[in-house]
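Structure first, commentary second.
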Amino acid sequence: MAGVRLAARPVAPHGKLTAFDLENRILSPDECLSRCELEALQLARLRQTVARAYERVPHYRDCLRRHGVGPDDVRSLNDIARLPFTTKDDLRDNYPLGMLAVPRENLARVHGSSGTTGKPTFVAYTRTDLDTWARLCARFLTAGCLRPGHLVHIAFGYGLFTGGFGLHAGVEHVGAAIVPAASGNTPRQVTLLHDLGADVLICTPSYAVNIAEVAAAEGIEPSELPLKFAHFGGEPWTEDMRAQIEQAFGIVAFDNYGLSEIIGPGVSGECVYRCGMHIQEDHFLVECVDPDTLEPVAEGDYGELVFTTLTKEAMPILRYRTRDISRLDRSPCACGRTGVRMSRVVGRTDDMLIIRGVNVFPSQIEEALLRVEGTAPQYLIEVDRPGSLDEVTVRVEIRPQDFSDKMSQMQALRDRIDREIHSVTGVRVTVELVEPLTLERYAGKARRVIDRRVTRLQ
Ligand code: DLL
């Protein structure tokens, strides 16, 4: 996977975040278990989870029987390899709530996937699951500087999507105050951020870019907003995108990851060292596998993340294939947390474009674009196959201050982008520069790819 870099930027006092904010670390003992203690806890929880799934979820009972494994066969963590995988299709086949391990009367909440393709899928929580979820979100928020006394602007959708309610409960658990702005109506977001003076922004990274643009268009310099730091998640983004957002707002931006099938946000998040996202391993068992062979990849190699829930009551999930490509880093982290760290997600196996035989992730194109001075972090990749060859057009917005009527200037910019994309991805694409603020904006997860090929290649 050429051109993909693991984030490894130590955080220094930066922007409006002081050395005190960064050093005043709070850790819970559960985040600092020794490997030995953690593995003993994981094994006990895995055994319980498999027993629960076997006894209470017909889908798992059938699958486990077909695999010739019963709950008593899980004697060590290595026995995870004997368990069946779960995919999005399993959830779809058991639509809407066929994978519950508790009676419906014991549910406290239902959320849904934000998937853009196929049938939606639902996930369910008991009261205990909601409490666990709040604690897990609180942990990564705390790892990324959140403290009681902060005012937090949440611009994630509150609804079936897990972002809004999940982060809301996490911030409350920390004891900070919330502006539950929800997503959309960007000018109003700017007004709220300006007038209420939130310290912290929580949303998708692409929505943060959108908010910065709208602020600037309304005559408010984003860097003059009182924001100090942000927690972004819900979609892939690159280090270059982080740098641009941090510069625009004068903030420190942390990455956090999660998926509804496993719990929502709260699966992992960055600490102040920002050298990967600590996975909350006392609640989720992680594997990193080759998506073709499903065998574990070599230590530190990129592969597909697979998660098993260890404490979920309402909907335990065994070996969920996330389709997210990342890599694991087990080296110690200076923050003292012992949870293995996952790199940024570089893409999803189902996002991966095969262009004339070459694997290309949208994140590689973003990385290339943002290296070229003058491009806005707004782009759209269009793939088509008019004849027998794949053709890719990358539409790139120019920053207002860099937009020019001079053909030669625009041509030179286009050539630079073209060269950069070729050097990162190895494929030739057609670059089209478009005027500032002409590509569609999203209040949640951005859509970066339109694939018009009649038959997908994978
Ligand atoms: O996006 C949960 C979430 C909400 C996480 C808010 C973080 C913040 P889903 O809608 O089920 O759940 O989408 C999950 O989003 O499999 C990844 O492909 C992608 N994703 C989530 N966080 C990140 C991230 C929520 N930090 C899918 N980096 C996952 C890259 C991410 N991709």
Side-chain angles (χ1 to χ4, degrees), residues 4 6-7 86-88 91-92 110-118 120-125 133 136-137 139-141 144 152 154-171 182-183 201-208 230-239 241-242 245 253-270 274 276-280 284 286 291 302 304-307 309 315 317 320-327 341-352 361-363 366-367 442-449:
V4 175
L6 181 65
T86 306
T87 63
K88 188 95 170 165
L91 293 176
R92 288 199 187 110
V110 173
H111 278 283
S113 79
S114 58
T116 46
T117 51
T121 50
F122 295 114
V123 291
Y125 304 74
W133 190 18
L136 293 179
C137 287
R139 274 194 199 166
F140 81 74
L141 291 166
V152 186
I154 302 184
F156 268 133
Y158 282 66
L160 282 179
F161 177 53
T162 51
F165 282 105
L167 268 308
H168 187 101
V171 175
S183 62
L201 175 62
I202 291 185
C203 57
T204 56
S206 58
Y207 196 43
H231 283 273
F232 297 132
E235 64 182 3
W237 52 314
T238 56
E239 275 307 305
M241 173 81 110
R242 163 144 60 193
I245 299 174
F254 296 100
D255 195 4
N256 73 87
Y257 166 89
L259 59 165
S260 47
E261 293 81 0
I262 297 304
I263 202 158
V267 174
S268 68
E270 284 180 326
R274 299 197 304 185
M277 294 179 270
H278 287 280
I279 295 175
Q280 313 230 41
F284 312 108
V286 63
Y302 280 102
E304 178 180 342
L305 296 181
V306 171
F307 287 102
T309 64
M315 251 178 91
I317 298 280
Y320 187 72
R321 290 193 58 187
T322 63
R323 310 271 168 195
D324 292 323
I325 302 292
S326 169
R327 63 182 181 190
R341 302 188 304 286
M342 56 180 272
S343 72
R344 259 176 198 297
V345 172
V346 294
R348 291 177 52 82
T349 51
D350 46 10
D351 253 13
M352 189 176 78
F361 282 105
S363 63
E366 177 177 306
E367 182 185 326
Y442 298 86
K445 304 186 188 218
R447 185 170 179 215
R448 304 288 195 196
V449 180

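One-based numbering along the sequence shown. Counting convention: from 1, in listed order, for ligands and their atoms alike. Just so it is clear, the model here is predicted, and its values are computed rather than measured.
The backbone N or O of Thr204 sits nowhere less than 3.5 Å from a side-chain atom of Lys445 that would complete a donor-acceptor pair. A donor-acceptor pair is defined here as one N or O able to donate and one able to accept, closer than 3.5 Å; such a pair exists between the side chain of Ser326 and the backbone of Ser343. In terms of modelled atom types and a separation under 3.5 Å, the side chain of Arg348 and the main chain of Thr322 share a donor-acceptor contact. The backbone N or O of Gly170 sits nowhere less than 3.5 Å from a side-chain atom of Trp133 that would complete a donor-acceptor pair.
Counting heavy atoms closer than 4.0 Å to ligand 1, residue Arg344 contributes nothing at all. At a heavy-atom distance under 4.0 Å, only side-chain atoms of Phe161, from C-beta outward, approach ligand 1. No part of Thr204 comes within 4.0 Å of ligand 1, judged by heavy-atom distances. Residue contacts with ligand 1, taken as heavy atom pairs separated by less than 4.0 Å, involve Arg348 solely via side-chain atoms from C-beta onward. Residue Leu259 touches ligand 1 through backbone and side chain together, judged by heavy-atom distances below 4.0 Å.
Heavy-atom contacts of Asn256 reach the following atoms of ligand 1: 7 (C), 8 (C), 22 (N), 24 (C), 26 (N) (cutoff under 4.0 Å). Within ligand 1, the atoms closer than 4.0 Å to a non-hydrogen atom of Gly163 are 4 (C), 6 (C), numbered from 1 in the order shown.
Ligand 1 has no nitrogen or oxygen under 3.5 angstrom from a nitrogen or oxygen of Thr322. Note: no N/O pair closer than 3.5 Å links Ser113 and ligand 1 by distance alone. At a 3.5 angstrom cut-off on N or O pairs, Trp237 does not count as close to ligand 1. Residue Gly234 has at least one nitrogen or oxygen atom sitting less than 3.5 Å from a nitrogen or oxygen atom of ligand 1, judged on distance alone.
Ring pair Tyr257/Phe307 is tilted by interplanar angle, where 30° to 60° counts as tilted.
For the 3.5 Å distance criterion, the side chains of Glu235 and Ser206 qualify, holding a donor opposite an acceptor.
Considering each of Thr121, Ile262, Asp324, the one bringing a non-hydrogen atom nearest atom 18 (O) of ligand 1 is Asp324.
Tyr125 pairs by the side-chain hydrogen bond (donor to acceptor under 3.5 Å, both in side chains) definition with nothing, not counting sequence neighbours.
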